[in-house]
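Quantities reported herein were computed from a predicted structural model and do not represent experimental measurements.
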Amino acid sequence: MPDLSGEAAMPRHWFLLANGSRAQAYAKRKQDSGYDQRRAWDAPEARMRDAELGEDKPGRAFAGAGAAQRSAMERDGKDDSPKEHAKRDFLEALAHDLAAALSAKEVDSLSIIAPAPVAQAIMAHLPGPARQAVVQEDHHDLTSLPHADVFARLDALRDRL
């Protein structure tokens, strides 16, 4: 008869709820209804205003009198603000933590529930074997919902697995 105590009874599938500054990993309870939080990540600097992180106001966005060029910074379509750097750093660290949990056999598979840009950033930072462990992706931000609503949404997602 298999041993159902300790680690053997622990669920091996995590539901990762994430946005640009917070994430929680939940696992379905084996015997009871509901979910247990396995991990939580938080990056308050990714929620701060750019001015709070030390960025100055941008320069003029129009040509000065007699000037032949604009004085504002030209951007190449990529937001380079301190807040965006904090978000990118957070999502990269989150992906590395998930990859470490997968390689340590704490979890076998993942469902990522996050807005599309966040889910894409997490997937981009996951190494190949860890990327293959992602069995489901859902593009919603559930991080600020009450637990009862989150658990109901996770039950609906679990039925689609």
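- Of all heavy-atom pairs spanning V135 and H13, the tightest one is CG2-CE1, 3.4 Å.
- Shown here for L94 and A18, the closest heavy-atom pair between the two residues is CD2-CB, 4.3 Å.
- Between L16 and V134 the shortest side-chain heavy-atom distance does not fall below 4.5 Å.
- The distance from atom CD of Q136 to atom CG of L157, rounded to the nearest 0.5 Å, is 5.0 Å.
- Taking the side chain as every heavy atom from C-beta outward, F15 and R153 never approach each other to under 4.5 Å.
- Counting heavy atoms from C-beta outward, D89 and E45 have side chains that stay 4.5 Å or more apart.
- Judged by distance alone, the side chain of E137 and the main-chain N or O of A119 form no donor-acceptor pair under 3.5 Å.
- To the nearest 0.5 Å, atom NZ of residue K30 and atom CG of residue D36 are 12.0 Å apart.
- No more than 12 heavy-atom neighbours from other residues, nucleotides or ligands sit within 6.0 angstrom of NE2 on H140.
- Remark: I122 CD1 to D97 CG distance equals 11.0 Å, nearest 0.5 Å.
- L126 CG to H96 NE2: the interatomic distance, rounded to the nearest 0.5 Å, is 9.0 Å.
- No side-chain heavy atom of V118 sits less than 4.5 Å from a side-chain heavy atom of I112.
- When side chains are defined from C-beta on, Q120 does not count as touching M123, because their heavy atoms never get closer than 4.5 Å.
- Side-chain atoms of R12 come within 3.5 Å of backbone N or O of K105 as a donor-acceptor pair.
- Considering OG1 of T143 and CD1 of I113, their distance stands at 11.5 Å, rounded to 0.5 Å.
- Across L98 and W41, no two heavy atoms sit closer than the pair CD2-CH2, 4.0 Å.
- Between E106 and R38 no salt bridge is recorded (no basic side-chain N to carboxylate O distance below 4.0 Å).
- Sparse packing is recorded around NE2 of H147, with 12 or fewer heavy atoms of other residues, nucleotides or ligands lying under 6.0 Å away.
- Closest approach of F90 and G20 over heavy atoms only: CD2-O, 3.4 Å.
- Here the closest heavy-atom approach between residue D42 and residue S21 is recorded as OD1-O, 3.4 Å.
- Residues A133 and D108 come closest through the heavy atom pair CB-O, 3.6 Å.
- Between F151 and Y35, the ring-plane angle classifies as tilted under the 30° and 60° cut-offs.
- Side-chain contact between L145 and L17 is absent, with no heavy atoms from C-beta onward closer than 4.5 Å.
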